[in-house]
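Some notes on the structure that comes next.
The shown structure was predicted, so the numbers you read here are calculated from the model rather than taken from an experiment.
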Amino acid sequence: MGRLKTPPGSPPSVRTGAFELRGEVGRPGTLSVADLRQGWEQHSADVVFECASSGPRRHRFEGPLLREVVGDARPAFDVRRRRDRSRFLLAVTGGDGHHTVLSWGEIDPDFGDVPALLATSLDGVPLDLVGSQLVVPTDRCGARYISAITSVWVGAGFGPGAGPGVV
């Protein structure tokens, strides 16, 4: 189905709310918040998470499922083989340099089925100018909520010459 519109090599920009989707995928590219809003079904998540510095936070996020967006980029695994899928990782980096790693197994419906979102709005406010946010609604704390996403890397491991630090 593929909805990635910007060819690889076009630099993502926090100013434009875009991020690069790269790694072991058949269709790398750059996606803006507008692309995420227009290209995939939007899901809602009402979340409460503990913030170490300010206590509980309650928010409503909307956006496409991370697994659907990454799935359209055609990760380099055999979708029919569960063990092949389960070895893949996703590294998400934000504009402030904060990053986190999820496993494909966490978000895959055959495994953890976590409805992680690439948020396009927060509490009804569009995120176009600040960038998409990773939302992991099943997390008790907000440490994996990555703001102003600049990169989503997908791959089977971090061997020599691989990983989120390699362009």
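- Val79 and Phe88 fall within a single hydrophobic cluster, where Ile, Leu, Val, Met, Phe, Trp and Tyr are joined by side-chain heavy atoms under 4.5 Å apart, directly or via other members.
- If you check the side chains of Gln42 and Thr120, you find a donor sitting under 3.5 Å from an acceptor.
- With rounding to the nearest 0.5 Å, the separation of CG in Leu122 from OG in Ser147 is 8.5 Å.
- Listed here is the closest heavy atom pair of Ala119 and Val135: CB-CG2, 3.9 Å.
- Each of Arg85, Arg67, Arg81 was evaluated against Asp108; a single residue qualifies, Arg85, per the salt bridge (charged side-chain N to carboxylate O under 4.0 Å, His left out) test.
- Taking His98 as the reference, nothing meets the side chain to side chain donor-acceptor pair (under 3.5 Å) condition, with sequence neighbours excluded.
- Listed here is the closest heavy atom pair of Thr30 and Asp35: O-OD2, 4.0 Å.
- The 12-atom threshold is exceeded at NE2 of His43, counting heavy atoms of other residues, nucleotides or ligands nearer than 6.0 Å.
- Side chain of Ser121 to backbone of Gly124: no donor-acceptor contact under 3.5 angstrom is found.
- Between Arg60 and Asp123, none of the side-chain N atoms (NZ, or NE/NH1/NH2) sits under 4.0 Å from a carboxylate O, so this pair counts as no salt bridge.
- A 6.0 Å sphere centred on CZ of Arg82 holds no more than 12 heavy atoms belonging to other residues, nucleotides or ligands.
- Side-chain contact check for Trp104 versus Ser86: every heavy-atom pair is 4.5 Å or farther apart.
- Between Pro115 and Leu65, some side-chain heavy-atom pair lies under the 4.5 Å cut-off.
- Using a cut-off of 4.0 Å between Lys/Arg side-chain N and Asp/Glu carboxylate O, Glu24 and Arg74 are scored as not salt-bridged.
- Although no hydrogens or angles enter the test, the distance criterion places no donor-acceptor pair under 3.5 Å between the side chain of His59 and the main chain of Arg57.
- Rounding to the nearest 0.5 Å places CG of Leu36 at 10.5 Å from CG of Leu117.
- Between Leu102 and Val136, some side-chain heavy-atom pair lies under the 4.5 Å cut-off.
- Put simply, the side chain of Ile149 does not reach to within 4.5 Å of the side chain of Thr93, judged on heavy atoms.
- Counting heavy atoms from C-beta on, the side chains of Val92 and Leu118 never come closer than 4.5 Å.
- A salt bridge links Asp128 with Arg37: the distance from a Lys NZ or Arg NE/NH1/NH2 to an Asp or Glu carboxylate oxygen falls below 4.0 Å.
- Partners of Glu62 under the side chain to side chain donor-acceptor pair (under 3.5 Å) rule, at least two apart in sequence or in another chain, do not exist in this structure.
- Side-chain polar atoms of Trp40 and Asp72 form a donor-acceptor pair below 3.5 angstrom.
- Looking at Phe19 and Leu31, their side chains come closer than 4.5 Å, going by heavy atoms from C-beta outward.
- Between Leu21 and Val69, the shortest heavy-atom contact is CD2-O, 4.1 Å.
- You'll find the side chain of Leu90 reaches within 4.5 Å of the side chain of Val70, heavy atoms only.
- How far CG of Leu66 is from CD1 of Ile107: 4.0 Å, rounded to the nearest 0.5 Å.
- Contact of the Glu41 side chain with the Pro64 side chain is not registered, since no non-hydrogen atoms from C-beta on lie closer than 4.5 Å.
- Using a 30° and 60° split on the angle between ring planes, Phe49 and Tyr145 fall in the tilted class, from 30° to 60°.
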